[in-house]
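Naming: A, B, ... by sequence-line order, numbering from 1 per chain.
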2 protein chains.
Amino acid sequence: MERLFYQISENEKEKLFRFLETNILTFPKNTIMLSNTKDKIIGIILKGYVQIIRTDYQGNRTIIEELEEGDIFGTILSSLDSDECEAITKENTKVLIIDYNSILSYQNTKYKYYNQFIKNLLEITTSKIEEKNERIEILTKKTIRDKLLEYFNIYAKKHGSKIIYLPFSYTNLADYIAVDRSAMSRELSYLKEEGFIETKGRKITLLYK
Amino acid sequence: MERLFYQISENEKEKLFRFLETNILTFPKNTIMLSNTKDKIIGIILKGYVQIIRTDYQGNRTIIEELEEGDIFGTILSSLDSDECEAITKENTKVLIIDYNSILSYQNTKYKYYNQFIKNLLEITTSKIEEKNERIEILTKKTIRDKLLEYFNIYAKKHGSKIIYLPFSYTNLADYIAVDRSAMSRELSYLKEEGFIETKGRKITLLYK
DNA sequence: TCCAAAAAGTTGCAATTGCAACAAAATATT
DNA sequence: AATATTTTGTTGCAATTGCAACTTTTTGGA
C-alpha cells in the first residue's frame, strides 16, 4: 500500500481513484474472493487477511501466498490467474480493486500523480521479479543442504549479518524451498552436528566462512 | 525491442533517447560485458548474442539466460546484479543501455511517448513475473515426472494443443526444470512406455486426458 | 493455567535421483 | 563427404529424499 502510493498524499490518492477504474469490495471471513470480471486487476488489501491456495490436478492444496493489510496482489503480480487458484479470506477483508486496463489506457497525462503511480507500480513489479529470481536460485539447487545454504546466503547478504531470523515457521520454510519438512529438519540437524550452523528457535547463526 | 517501443515510431524513439540517459555500446565476440556503473540499467540487444552465466560458490557454471537481438535485460529484469554473474558476448554485440534512474526521475511528462514507454516497460515486467511464476510452479513439484507433466501442461494450455515443440534441447529442458539430464531422459522413457506421451525428436505428443 | 492445536524433531524404509561412464544418434564444421 | 562436437539414450549404483508414524515442544486460546 505504502509503496504503491509512495509520494502520493491521501488527497491525491482519492483523485487518482476517480481517474482510474476502482472499486472497494468487502468480503466476510472464509469467503472465496472471486473476480467478477475476466479483466486484469490490481488488488490492494485495505483490511484483513487472505490466503491464496492452489489445488493441483492431484488434489494437493498448497498455500502459495498470504496477503495482509497493505499487500498488493492481482492478475499481473501473482499467479492468481490460473484456474487452480482460490483466494480465501481468513478475516473480514476489505479490498481495493483497480482495473489494470484503465491504468494503461489512461491518456490524460496532465495529472501529475498518475505518473508517480505508474512509477511506483514499476518499482513494485521489478522488486517482485527480484524476489522470484531469488526463489528460483534456491529451487534449482539439487540437494536440501544446498537449498538451505542458498537461502541462508541470500538472507545474510541482504541483511549484512550472519544471524538469521526466519520470517516464518520451519514448516513454511520447507514449503518455500519445496522439500519435505522432516527431511529438511534432518538436514538442519546434520548442519548443526557438523558445526555449520547453530539454531535457537527461529534464530539461525551461520558459523562458516 | 518491439515490445519496449510498441506504438512508438522510429522518430519518437530517437527523441525518447535524447530525454532519457542512453548509451550505445559495442562489444567484440567473447568479451565480458561489464556495466561500468553501479546504477540500475535496462539493456537492449540491438545486434548480437549474449549468454548470462552464473558461477556459484562451488564453481559450477550454468547458463541462466541467453539473449538475442531484441531481447531486454538489466539489473531490474534478470539476476545480472548478483556478483556471481557474467554476461559474455558470443558474437559481435551492440547494446543500448538506458539508465533506470533517468526513467524514473524524468519529470517532464508533457512528452506523450514517455508514458507509452513506461507502459510498455510495465507490460514487459509483468509478463516476466508470469514467466517466473510458471517456472516456480514447475520447480516446486517433487518428482521429475511431475515437473515434466507440469511443464507439458503449461505449454499445452498456452498453445491450446497436445503437441509440444520444445523450444530448446532436452539438455536445456533438464536445466530449466533443474534435474539431472540422464535421470530426466529415463523418466521420459518411462512416460513413453506407460503410454502417456510419444516423442519424435523435439516433438512431444501428449496422449493423456 | 490448562488444554488443544500447530510446529518441530526423529527415524526406518522404500522410492527417486544424481552421478558416472558409456554408446548411439544427430548437428556442425572443415 | 569425412570428422569433430554436441546431444541424446541407457544403466548400475550409491546418495538423497519423501513418506509415514510417532514423540516432544511450542504456541495460542478459552
Side-chain angles (χ1 to χ4, degrees), chain A residues 29-30 49 51 53 56 58-63 66 90-91 138-151 164-194 196-205, chain B residues 29-30 49 51 53 56 58-63 66 90-91 138-151 164-194 196-205:
Chain A
K29 187 173 168 175
N30 289 320
Y49 177 58
Q51 289 181 336
I53 294 175
D56 68 18
Q58 287 172 12
N60 303 313
R61 290 167 69 81
T62 33
I63 301 172
E66 294 182 292
K90 290 287 145 188
E91 291 174 17
I138 292 164
L139 293 173
T140 51
K141 291 279 176 285
K142 268 160 275 150
T143 63
I144 294 182
R145 173 169 294 216
D146 283 344
K147 286 179 190 183
L148 284 169
L149 293 179
E150 185 68 23
Y151 179 85
I164 290 163
Y165 296 94
L166 284 188
F168 40 41
S169 66
Y170 283 95
T171 304
N172 289 336
L173 177 58
D175 283 342
Y176 184 74
I177 71 174
V179 299
D180 181 72
R181 185 196 58 78
S182 68
M184 183 189 84
S185 187
R186 173 171 40 204
E187 198 59 46
L188 282 168
S189 297
Y190 293 155
L191 284 169
K192 278 183 249 178
E193 263 181 40
E194 296 172 36
F196 288 112
I197 61 168
E198 245 170 27
T199 70
K200 187 168 186 210
R202 290 180 190 171
K203 175 183 170 187
I204 302 169
T205 310
Chain B
K29 187 173 169 177
N30 289 319
Y49 178 58
Q51 288 182 335
I53 294 174
D56 69 17
Q58 287 173 13
N60 303 314
R61 289 166 70 82
T62 32
I63 300 172
E66 294 181 291
K90 290 286 145 188
E91 290 174 17
I138 293 164
L139 293 174
T140 52
K141 292 278 176 286
K142 268 161 273 150
T143 62
I144 294 182
R145 172 169 296 215
D146 284 344
K147 286 179 190 184
L148 283 170
L149 293 178
E150 184 68 24
Y151 179 85
I164 290 162
Y165 296 93
L166 284 188
F168 41 40
S169 67
Y170 284 94
T171 305
N172 288 337
L173 177 59
D175 284 341
Y176 184 74
I177 70 175
V179 299
D180 181 73
R181 185 196 58 78
S182 68
M184 183 190 84
S185 186
R186 171 170 44 201
E187 199 58 46
L188 282 168
S189 296
Y190 293 155
L191 283 169
K192 278 183 250 179
E193 262 180 42
E194 296 172 36
F196 289 112
I197 62 168
E198 245 171 26
T199 71
K200 185 166 189 216
R202 290 179 190 172
K203 175 183 170 188
I204 302 169
T205 310

Whole-Å gap separating [atom2] ([N]) and [atom1] ([X]):
X: B/Leu191; N: D/dG9; atom1: CG; atom2: P; value: 13 Å
X: A/Asn172; N: C/dA7; atom1: CG; atom2: C1'; value: 10 Å
X: A/Asp175; N: C/dA8; atom1: CG; atom2: P; value: 11 Å
X: B/Glu193; N: D/dG9; atom1: CD; atom2: C1'; value: 13 Å
X: A/Lys200; N: C/dA7; atom1: NZ; atom2: P; value: 21 Å
X: A/Ile177; N: D/dT16; atom1: CD1; atom2: P; value: 15 Å
X: B/Lys141; N: C/dT17; atom1: NZ; atom2: P; value: 14 Å
X: B/Glu187; N: C/dA15; atom1: CD; atom2: P; value: 14 Å

Could you tell me which non-hydrogen atom of [X] sits nearest to which non-hydrogen atom of [Y], and how far apart they are?
X: A/Ile144; Y: A/Ala183; value: CD1-CB, 3.7 Å
X: A/Thr171; Y: A/Arg181; value: OG1-CD, 3.6 Å
X: A/Tyr170; Y: A/Gly201; value: OH-O, 2.8 Å
X: B/Thr140; Y: A/Ala178; value: CA-CB, 3.7 Å
X: B/Glu187; Y: B/Arg145; value: OE2-NE, 2.9 Å

With respect to the phosphate group of [N], does any side-chain polar atom (N or O) of [X] fall under 4.0 Å of OP1 or OP2?
X: B/Arg145; N: C/dT17; answer: no
X: A/Ser182; N: C/dT11; answer: no
X: B/Thr171; N: D/dT6; answer: no
X: A/Arg186; N: C/dA8; answer: no

Check every atom of [options] against the side chain of [X] and return the nucleotide holding the closest atom.
X: A/Thr143; options: C/dA8, D/dT17, C/dG18; value: D/dT17
X: B/Asp180; options: C/dT17, D/dC19, C/dG18; value: C/dG18
X: B/Lys142; options: D/dG9, D/dG18, D/dT10; value: D/dG18

Exercise for the section: Could you tell me, to 10°, how much the axis swings from one end of the helix from C/dT1-D/dA30 to C/dT30-D/dA1 to the other, five pairs per end? Expected result: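 Here the local axes at opposite ends form an angle of 60°.
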Practice task
Describe the nucleic acid contact of A/Ser169 in one word from base, sugar-phosphate, nothing, applying a heavy-atom distance below 4.0 Å.
Solution key: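 Since only primed, P, OP1 and OP2 atoms lie under 4.0 Å of A/Ser169, the category is sugar-phosphate.
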Practice task
Could you tell me whether B/Leu188 contacts a base, only the sugar-phosphate backbone, or nothing, with contacts defined as non-hydrogen atoms closer than 4.0 Å?
Solution key: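 Nothing, no heavy atom under 4.0 Å.
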Practice task
Report yes if a donor N or O on one partner sits less than 3.5 Å from an acceptor N or O on the other, where the partners are the side chain of B/Arg181 and the base of C/dG18; otherwise report no.
Solution key: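 Result: no qualifying N/O pair found.
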Practice task
Fit a plane to each ring of A/Tyr176 and A/Phe168, take the angle between them on a 0 to 90° scale, and name the class: parallel (under 30°), tilted (30 to 60°) or perpendicular (over 60°).
Solution key: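 It falls in the tilted class, 30° to 60°.
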